[in-house]
Amino acid sequence: VQLQASGGGLVRSGGSLRLSCAISGFRNADLDDYAIGWFRQAPGTTYEGVSGISSGDDTMFYADSVKGRFTISREIAKNTVALQANTLTPENTAVHYCAATPRWLVGGGITKPDNYDYWGQGTQVTVSS
């Protein structure tokens, strides 16, 4: 399974970005058979879960810091998972990664990086004040 994240960039505080994760290489499975997570890593920090969507029932999870501002969505026809990020602040500045796993994840487990098997390269999000 291969993942490619895109959509990052430089925006001013209060602006928006739409991150996209293109996923390919499924074996006897479809996109909705995978849980997909978005993570970020700021310089000098570890991976932090931002949002995730579970396999099967598409339950969505968000870190408290982004609730009400970010929306994750699965686009089956395009084999992508998007993360709409609104009202960005400088604290959102980080490299953002998407990850996938065929495992059934529930609750807070969906935003735990150790639960994911496949990772894409990151896309840089920079928010200026």
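Along the sequence shown, the residues carry numbers beginning at 1.
Residues satisfying the side chain to side chain donor-acceptor pair (under 3.5 Å) test with T89, not counting sequence neighbours, are E91, N92. Among residues two or more places apart in sequence or in another chain, the side chain to side chain donor-acceptor pair (under 3.5 Å) test is passed with N86 by S16, Q84. Take S20 and apply the side chain to side chain donor-acceptor pair (under 3.5 Å) test, not counting sequence neighbours, and it matches no residue. Contacts of S128 classified as side chain to side chain donor-acceptor pair (under 3.5 Å), with partners at least two apart in sequence or in another chain: none. The salt bridge (Lys or Arg N to Asp or Glu O under 4.0 Å) search around D64 returns K67, not counting sequence neighbours.
Contacts classified as ring pair (Phe, Tyr, Trp, His ring centres under 6.0 Å) and involving residues 108-129 (residues at least two apart or in different chains) are given here: F39-Y116, F39-W119, Y47-W119. Annotation: salt bridge (charged side-chain N to carboxylate O under 4.0 Å, His left out) contacts involving residues 37-60, sequence neighbours excluded, comprise R40-E48, D58-R74. Sorted by first and then second residue, the ring pair (Phe, Tyr, Trp, His ring centres under 6.0 Å) pairs involving residues 14-38 (not counting sequence neighbours) are F26-Y34. Pairs of residues two or more places apart, or lying in two chains, that qualify as salt bridge (charged side-chain N to carboxylate O under 4.0 Å, His left out) and include a residue from residues 13-31 are R18-E75. Among residue pairs with one or both ends in residues 82-129, those qualifying as disulfide bond (SG atoms under 2.5 Å apart) are C21-C98; sequence neighbours excluded. Residue pairs meeting the ring pair (Phe, Tyr, Trp, His ring centres under 6.0 Å) criterion with at least one partner in residues 50-89, sequence neighbours excluded, do not occur; the list is empty.
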- [ ] Show your working on side-chain contact (heavy atoms from CB on, under 4.5 Å) between D32 and I76 and close with a plain yes or no.
- [x] CA-CA 7 Å; D32 55 3; I76 298 293; 3.9 Å; yes
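Rounding to the nearest 0.5 Å places OG of S51 at 10.5 Å from NE2 of H96.
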Check residues 100-107 and write down every donor-acceptor pair under 3.5 Å in which the side-chain atom is one partner and the other belongs to a residue at least two apart or another chain.
{"residue": "T101", "atom": "OG1", "partner": "R103", "partner atom": "N", "Å": "3.2"}
{"residue": "T101", "atom": "OG1", "partner": "D117", "partner atom": "OD2", "Å": "2.6"}
{"residue": "R103", "atom": "NH2", "partner": "D117", "partner atom": "OD1", "Å": "3.0"}

